[in-house]
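Reading through the structure tokens given below for one structure.
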Amino acid sequence: MKFSIDHRDSGSSARAGIITTDHGVIPTPVFMPVGTVGSVKGISQTELKEAIDAKIILGNSYHLFLRPGIKILNRAGGHHKFMSWDRPILTDSGGYQVFSLSNNRKVTEEGYIFRSHIDGSKHIFTPESVVDIQRNIGSDITMALDECTPYPCDYDYAQKSMGLTHRWLERGIKHFATTQPIYDHTQSFFPIVQGSVYTDLRKQSAETISSYDQEGNAIGGLSVGEPEELMYEMCDVVTQILPQDKPRYLMGVGTPANILESIALGVDMFDCVMPTRNGRNGMLFTSNGIINIKNEKWKDDFSAIDETGTSGVGKQYSKAYLRHLINAKEMLGAQIASIHNLSFYMCLMNEAREKIANNTFADWKNRMVPKLKTRL
RNA sequence: GGGGAGAUACCAAAGUGGCCAACUGGGGCAGACUGUAACUCUGCUGGCGUACGCCUUCGUAGGUUCGAAUCCUGCUCUCCCCA
């Protein structure tokens, strides 16, 4: 993997660059659609490429480990072949599931022991085993095993948890360095900064993570319920420490406004379930603001979902029609909403890149953010 | 023509003397969702009021009772079975 920065915005810390992987190039800042269990929910690979033009998508080690299982992925020749996706894939290690499936797991020094949410079977993930799993998946970018702390989280726990994440990181890196890719492409390994909402912990974590000099670095444990300002504050602290010449990935973020604010702080990569999940649930992101398409007021609004054409489907279908589909629980409704939202995110990222290249990002961002937050 | 069952809020359907403005679904309305256990979850859904509460409701008209959606009588309507 290679990363080069083409432009730096003069009015903020935003950067525009290119990540080069064996499966293709990824212009940054980039938004990565989430395809947890082997699909970006509701969207075919063809649409993902042609309608949305996703440059890279996510997969999840925990979910793929449970289903279809590592053996199948290995026999398929890796996840790319299995799901017929020839562009880059990034896999999360399963650290987030330690957080979100918290009643079914136990964190120990060795790793985390958990029960499958599918059949209750018992498993253990260690920093080493998640490297092996991601080797078998064959993701272009693999993630370290971390503990994503909840919010609120007291200082003591945050500190201890961060220490564990750092020790896990050291083991993970060692294992990654002493193992080889299974398929014929290279893989990268990203460490993850933790430290909850404590500035000193975040600094310490960012310094520790930076010292390993990996090909990219991630910021985890944010957007877990803390106030937005606190998230930006932590993000700011961390991006000032992480190496300039490596991509920074803010995990799980976020709203369109969150993303623009974070780009301004020097973040290059994002992923979030919001465009797909919230889309399925009737929330649409448009160039004029946020629409809850289920609301009665759209029932006879026959205008396009997004007239400015941030997506093909947004221009093609009317609000009234999409409202009908979603309210009638027709699958197509969820698909249209997901495609539209992802296309909107993609469009926003493309525009952000252009603004960075023109040195007009900061002003543009400040104009866009209130608009993006508007509820229509 | 004879016999039987039933009419409850937008729909379906519980309730069969006081704990009933009325269970539960559905529908409707609104909200939530940030490294996806999520096409999911939460709230509201007679009127007025933030709330304690007050007012009007269980086909309809009367009656019994301290008190009725619940008991009695008339009326109207619906459904089922047999001829």
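Order of the sequence lines sets the chain letters (A, B, ...), proteins ahead of strands, with each chain counted from 1.
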Touch check for [X], heavy atoms < 4.0 angstrom, all strands: base, sugar-phosphate only, or nothing?
X: A:Asn292; answer: sugar-phosphate
X: A:Asn258; answer: base
X: A:Thr276; answer: base
X: A:Ile192; answer: base
X: A:Gly35; answer: nothing
X: A:Arg375; answer: sugar-phosphate
X: A:Arg105; answer: nothing

Rounded distance in Å between the [atom1] positions of [N] and [M]:
N: B:A12; M: B:G6; atom1: C1'; value: 15 Å
N: B:A38; M: B:G28; atom1: P; value: 25 Å
N: B:A37; M: B:C48; atom1: P; value: 42 Å
N: B:C10; M: B:C29; atom1: C1'; value: 13 Å

Round to the nearest Å and state the distance from [X] atom [atom1] to [N] atom [atom2].
X: A:Asn295; N: B:G31; atom1: CG; atom2: P; result: 5 Å
X: A:Ile326; N: B:C29; atom1: CD1; atom2: P; result: 14 Å
X: A:Leu101; N: B:A37; atom1: CG; atom2: C1'; result: 6 Å
X: A:Gln97; N: B:A37; atom1: CD; atom2: P; result: 5 Å
X: A:Lys299; N: B:G27; atom1: NZ; atom2: P; result: 18 Å
X: A:Leu260; N: B:U34; atom1: CG; atom2: P; result: 19 Å
X: A:Ile293; N: B:A30; atom1: CD1; atom2: P; result: 12 Å

> For A:Val98 and A:Asp146, which heavy atoms make the closest approach, and how far apart are they?
Replying inline: CG2-O, 4.4 Å
> What closest approach, in Å, do A:Ala257 and A:Val369 show between heavy atoms, and which atom pair accounts for it?
Replying inline: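 Closest approach of A:Ala257 to A:Val369: CB-CG1, 4.0 Å.
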Please examine the side chains of [Y] and [X], heavy atoms only from C-beta on, and report whether any two atoms are closer than 4.5 Å.
X: A:Arg15; Y: A:Ile356; answer: no
X: A:Phe285; Y: A:Ile290; answer: yes
X: A:Ile89; Y: A:Ile56; answer: no

>> Any N or O donor-acceptor pair under 3.5 Å from the base of B:C33 to the side chain of A:Asn281?
In response: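 Yes, the side chain and the base share a sub-3.5 Å donor-acceptor pair.
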>> Once hydrogens and angles are ignored, does a donor-acceptor distance under 3.5 Å link the base of B:G35 to the side chain of A:Asp146?
In response: yes
>> When you measure from the centre of the six-membered ring of A:Phe176, is the NZ or CZ of A:Arg135 closer than 6.0 Å and no more than 45° off the axis?
In response: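 Cation-pi check for A:Arg135 and A:Phe176: passes.
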> Tracing side-chain links under 4.5 Å among I, L, V, M, F, W and Y, which residues wind up in one group with A:Val237?
Replying inline: none
>> Pairs counted only when both distances fall under 3.5 Å, Watson-Crick or G-U: show me the 5' to 3' dot-bracket for RNA chain B, [ ] for pseudoknotted crossings and | for other-strand partners.
In response: ((((((((.[[[..)..(.....]]]((((((.......))))))(((....)))...[[[[[..)....]]]]]))))))).
> In terms of the nearest nucleotide of RNA chain B, which residue is placed more toward the 5' end: A:Thr255 or A:Met331?
Replying inline: A:Thr255
> Pick the nucleotide of RNA chain B nearest each of A:Glu296 and A:Thr36; which residue has the one closer to the 5' end?
Replying inline: A:Glu296
>> Strictly distance-based, threshold 3.5 Å: is any side-chain N or O of A:Thr276 a donor or acceptor partner for the main-chain N or O of A:Val273?
In response: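 Side chain of A:Thr276 to backbone of A:Val273, a donor-acceptor pair under 3.5 Å: yes, one is there.
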